[in-house]
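Hydrogens, waters and symmetry mates play no part in the numbers below; they use all other heavy atoms, side chains included. Each chain gets a letter, A, B and so on, in the order the sequences are listed, and its residues count up from 1.
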Amino acid sequence: MQGWKRSHACGVLGLAQTEQEVTLTGWVARRRDHGGLIFVDLRDRTGIVQIVFTPDMPDNAFHKAEALRSEFVIAVKGKVSARPEGTVNPNLATGDIEVYCSALRLLNAAKTPPFYIADEVDVDESIRLKYRYLDLRRPEMQRNLVLRHRVTKAMRDFLDRHDFVEIETPIMTKSTPEGARDYLVPSRVNPGKFYALPQSPQIYKQLLMVAGLERYFQIARCFRDEDLRADRQPEFTQLDLEMSFVEREDIMEIMEDMIAYLFKEAIGLEVQRPFPRLTYGEAMDRFGSDKPDTRFAMELIDVSPALESCGFKVFQSVIAAGGRVKGINAKGCANMPRREIDGLVDLVATYGAKGLAWMQVTPEGVKSPITKFLSEGELQHILDRMEAAEGDLLLFVADIPAVVAASLGALRLELGRRLNLIDADKHNFLWVIDFPMFEYDGEEQRWVAMHHPFTSPQDDDIALLDSDPGQVKAKAYDMILNGTEIGGGSIRIYDRALQEKLFVTLGFSKEEAWNQFGHLMEAFEYGTPPHGGIAFGLDRLVMLMAKRGSIRDVIAFPKTQSATDVMAQAPSEVSPKQLRELHIKSEVVLKK
RNA sequence: GGCCCGGUGGUGUAGUGGUUAACAUGCCGCCCUGUCACGGCGGAGAUCGAGGGUUCAAGUCCCUUCCGGGUCGCCA
């Protein structure tokens, strides 16, 4: 800084500072050189202000300004002046004023950046990631990170007021079966043994409840070695919390409070409360999803009852085998070209649907490849059930319930997007409750926990654990915003015997269960309060607040889809010495 | 692991078998005292992701591979 001290941020200047001498610092966003007059847009974190240089200025400032280039770092002393009439720039927050430079210092020069530092630039994401420090100079990215800060700040404020204690739990912990693939860390001092990075602090936070902390939270980094998506990174952040002496309702109520507070504080949005609730069953039936986007209707309609004995063998046999025939009504799409319908067939096929039946409701009647197999009455029943009107396109999938839900749920979302039915300004929060405790894993031939194995079954269903695990409902709840799961949690098991029984239902032997989770079950025997909690995906939450399509835009240094950091070049090979010390031998099997 | 989209000067794109690969922007130089995506004139800048093949001829067609993105599986 060469002895200078910054007096103001660029973005705060306005007519109120007129005639003040200021010292500003920042980056050269643009230089407009008119020969005998130079304008420099000076950018710092807060915004942009115009600096004016003329040849009569002291400090040889004008000639120094001639040498300025994009992204040079400079300090400027000067006087704030109202702009001459006709030169006010209404597109700039500081556009009423400009700063007449009286002294200029070049703090650091810069190479020409590989892309413009501006919001509207459209640059390949791999270039942005390679030069992430330049990407993060863009005002939009800075807004995202600042928003993220505001959200976590508001979380801490709210939870502190509600007597939660922020506690850190280990990053190096124990690998456990169930759930996602673990990231492993070899132990140098324990040859052949590995730590695992936590998929979530689940067991530790339950142990904190046993310990009597009563209310815990943590803004916790979690790690899962699974394939990446727009909303999934191998390391991500959760707001993780747990409360003792509570029921489901207590947690849901305080979390609605918190979310409303976050949205008010961070983006000034008044959230409508209470949040609507859907049971898992209802969500799957009506929307084909356990995280329904309720910003538009187009609900799934079950037309099976009328088709049990219909002439269309595909429908009839699916129903006979216990499947369903359901449809959605794409209002006003009767004239969708055949080619586009074929595209929809491909779409549902990715979700396992073997076909997509369609009916165009035209002025000349219903056009469809399948009407010839249906009786007058069956067809009319379908049209009534679907509330079909002239101009509508009806789309049907017949399959086992899971495939019907997945394919029509995805089709509904796709059509909602294409038909512009989704109001981007809406914020539809809701809870999904009464999840099944288990789902059957055909590959492993056993029941697996839908939420996690520490979730309490609902009291009335405990008797079904042996006889009919598929019918057992869990004391679990997910918070959904606009079709994205932003949080999920449950009331936990706090009884050793019940926890042990649950592991047995999941196919563990008693020994395996104690080997893996013995410390939790032993703890349960020393006076464990009833407890439950929830975890929110911070990245997704901030992504939705920032109206971005990927959590990469709200993470400072994210990884690519192949889980690499293209800037730091991680992961990387390590020296043989490092491997030796860790008792590791790497045998990369190269494909021929 | 599967499917889909993309990879061409620094950046973003055009180029569907045939001259010297085009355009915009950025960059460099000169000119310019009210611009704000300043303007004018001139200039440099590309082994078309990589490898192989087909062809008289390949940015373009074929195969393999790498990289980025989306998605299914996967993600208690």
Side-chain angles (χ1 to χ4, degrees), chain A residues 29-42 48-56 62 66 69-71 83-92 94-95 98 111-131 134 176-182 199-200 202-203 222-234 236 343 346-353 406-407 410 414 435 437-439 441 443-444 447-455 474 476 485 488 490 502-503 506 516-517 535 537 549-550 552 559-562 564 566 591-592:
Chain A
R30 266 203 174 83
R31 184 185 60 119
R32 288 179 294 280
D33 187 342
H34 290 242
L37 176 71
I38 298 172
F39 299 105
V40 166
D41 289 341
L42 183 64
I48 281 175
V49 68
Q50 176 165 279
I51 315 293
V52 183
F53 298 87
T54 56
D56 54 340
F62 182 82
E66 283 180 318
R69 293 294 182 270
S70 284
E71 301 308 314
R83 291 199 186 187
E85 218 182 316
T87 65
V88 166
N89 184 355
N91 300 320
L92 200 61
T94 61
E98 57 197 358
K111 284 168 71 171
T112 302
F115 52 84
Y116 296 126
I117 310 301
D119 281 347
E120 62 271 17
V121 296
D122 172 31
V123 187
D124 190 86
E125 192 160 348
S126 60
I127 308 266
R128 289 175 53 199
L129 289 174
K130 183 174 176 192
Y131 300 96
L134 297 180
T176 54
E178 300 281 292
R181 209 172 284 116
D182 283 324
Q199 298 177 27
S200 85
Q202 183 62 33
I203 293 175
C222 304
F223 306 85
R224 295 178 189 174
D225 185 4
E226 298 293 349
D227 284 356
L228 290 82
R229 290 283 189 284
D231 62 353
R232 270 167 37 191
Q233 284 272 306
F236 61 101
D346 294 341
L347 176 76
V348 296
T350 60
Y351 296 86
S407 55
E414 177 60 23
F435 281 83
M437 189 74 200
F438 308 102
E439 52 193 344
D441 185 327
E443 202 173 308
E444 290 196 41
W447 294 96
V448 296
M450 197 161 183
H451 186 51
H452 57 52
F454 316 108
T455 301
E485 179 197 329
S490 63
L502 214 100
F503 285 124
L506 292 172
Q516 295 295 338
F517 302 106
S550 162
R552 292 188 299 274
K559 303 223 170 4
T560 65
Q561 193 164 75
S562 47
T564 62
V566 290
K591 281 179 284 185
K592 87 160 201 71

Rounding to an integer number of Å, can you tell me how far [X] [atom1] sits from [N] [atom2]?
| X | N | atom1 | atom2 | answer |
| --- | --- | --- | --- | --- |
| A:Asp346 | B:rU71 | CG | P | 18 Å |
| A:Ile117 | B:rG26 | CD1 | C1' | 12 Å |
| A:Phe39 | B:rG39 | CZ | P | 14 Å |
| A:Gln561 | B:rC72 | CD | C1' | 12 Å |
| A:Asp231 | B:rG70 | CG | P | 9 Å |
| A:Leu228 | B:rG73 | CG | P | 16 Å |
| A:Glu66 | B:rC30 | CD | C1' | 12 Å |
| A:Ile51 | B:rU35 | CD1 | P | 18 Å |

Provide the Watson-Crick or G-U wobble partner of [N], both distances under 3.5 Å; none if there is no partner.
| N | value |
| --- | --- |
| B:rC3 | B:rG70 |
| B:rG59 | none |
| B:rC38 | none |
| B:rU11 | B:rA24 |

Measuring only the [atom1] atom in each nucleotide, how far is [N] from [M]? A whole number of Å is fine.
| N | M | atom1 | result |
| --- | --- | --- | --- |
| B:rG9 | B:rC28 | C1' | 15 Å |
| B:rG53 | B:rA37 | C1' | 46 Å |
| B:rC38 | B:rU33 | C1' | 12 Å |
| B:rG17 | B:rG10 | P | 27 Å |
| B:rG52 | B:rC41 | C1' | 47 Å |
| B:rC67 | B:rG73 | P | 24 Å |
| B:rU8 | B:rC3 | C1' | 26 Å |
| B:rA21 | B:rA46 | P | 11 Å |

Q: When you get a sec, tell me which of B:rG73, B:rC36, B:rU35 is the closest nucleotide to the side chain of A:Arg232?
A: B:rG73

Looking at [N], I'd like to know if its phosphate oxygens (OP1 or OP2) sit under 4.0 Å from a side-chain N or O belonging to [X].
| X | N | value |
| --- | --- | --- |
| A:Thr350 | B:rC4 | no |
| A:Arg32 | B:rC38 | yes |
| A:Arg224 | B:rC74 | no |
| A:Arg128 | B:rG69 | no |
| A:Gln50 | B:rU35 | no |
| A:Arg229 | B:rG69 | no |
| A:Thr560 | B:rG68 | yes |

If you look at every strand shown and take non-hydrogen atoms under 4.0 Å, does [X] touch a base, only sugar-phosphate, or nothing?
| X | result |
| --- | --- |
| A:Ser200 | base |
| A:Tyr351 | sugar-phosphate |
| A:Thr94 | nothing |
| A:Asp33 | base |
| A:Glu443 | nothing |

**Q.** A:Arg32 and A:Asp41 ion-paired at < 4.0 Å
**A.**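 The answer is yes: the pair qualifies as a salt bridge.
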
Working to the nearest 0.5 Å, report the span between [atom1] of [X] and [atom2] of [Y].
| X | Y | atom1 | atom2 | answer |
| --- | --- | --- | --- | --- |
| A:Asp227 | A:Arg181 | CG | CZ | 7.0 Å |
| A:Phe223 | A:Ser200 | CZ | OG | 12.0 Å |
| A:Glu178 | A:Gln516 | CD | CD | 9.5 Å |
| A:Gln561 | A:Arg552 | CD | CZ | 7.5 Å |

Q. Passes salt bridge (Lys or Arg N to Asp or Glu O under 4.0 Å), A:Arg232 versus A:Glu226? Steps please.
A. CA-CA 9 Å; A:Arg232 270 167 37 191; A:Glu226 298 293 349; over 6 Å; no

Q.
So is the aromatic ring of A:His34 stacked onto the base of B:rU35, judging by whether the centres are under 5.5 Å apart and the planes are under 30° apart?
A.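 Here the ring of A:His34 and the base of B:rU35 are not stacked, as the 5.5 Å and 30° limits are not both satisfied.
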
Dump the pairs, protein N or O against N or O of nucleotides 7-11 of chain B, anything under 3.5 Å, distances to one decimal.
unit_1	atom_1	unit_2	atom_2	d
B:rG10	O2'	A:Pro114	O	3.1
B:rU11	O4'	A:Pro114	O	3.1

**Q.** Residue closer to the 5' end of RNA chain B, A:Gly549 versus A:Arg31 (nearest nucleotide)
**A.** A:Arg31

Q: Specify the residue among A:Gly35 and A:Arg181 whose closest nucleotide of RNA chain B lies further upstream toward the 5′ end.
A: A:Gly35

Any side-chain to backbone donor/acceptor pair from [X] onto [Y]? Under 3.5 Å, distance only.
| X | Y | answer |
| --- | --- | --- |
| A:Gln199 | A:Ala180 | yes |
| A:Ser407 | A:Ala349 | no |
| A:Gln50 | A:Gly95 | no |

Regarding [N], can its base be found pairing with the side chain of [X] as donor and acceptor, where the two atoms are less than 3.5 Å apart?
| X | N | value |
| --- | --- | --- |
| A:Glu226 | B:rG73 | no |
| A:Arg83 | B:rC36 | yes |
| A:Arg552 | B:rG70 | no |

**Q.** Enclosure of A:Tyr131 OH (heavy-atom neighbours >12, cutoff 6.0 Å)
**A.** no

Q: Return the orientation label for the A:Phe503 and A:Phe517 ring planes: parallel under 30°, perpendicular over 60°, tilted otherwise.
A: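 A:Phe503 and A:Phe517: parallel rings.
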
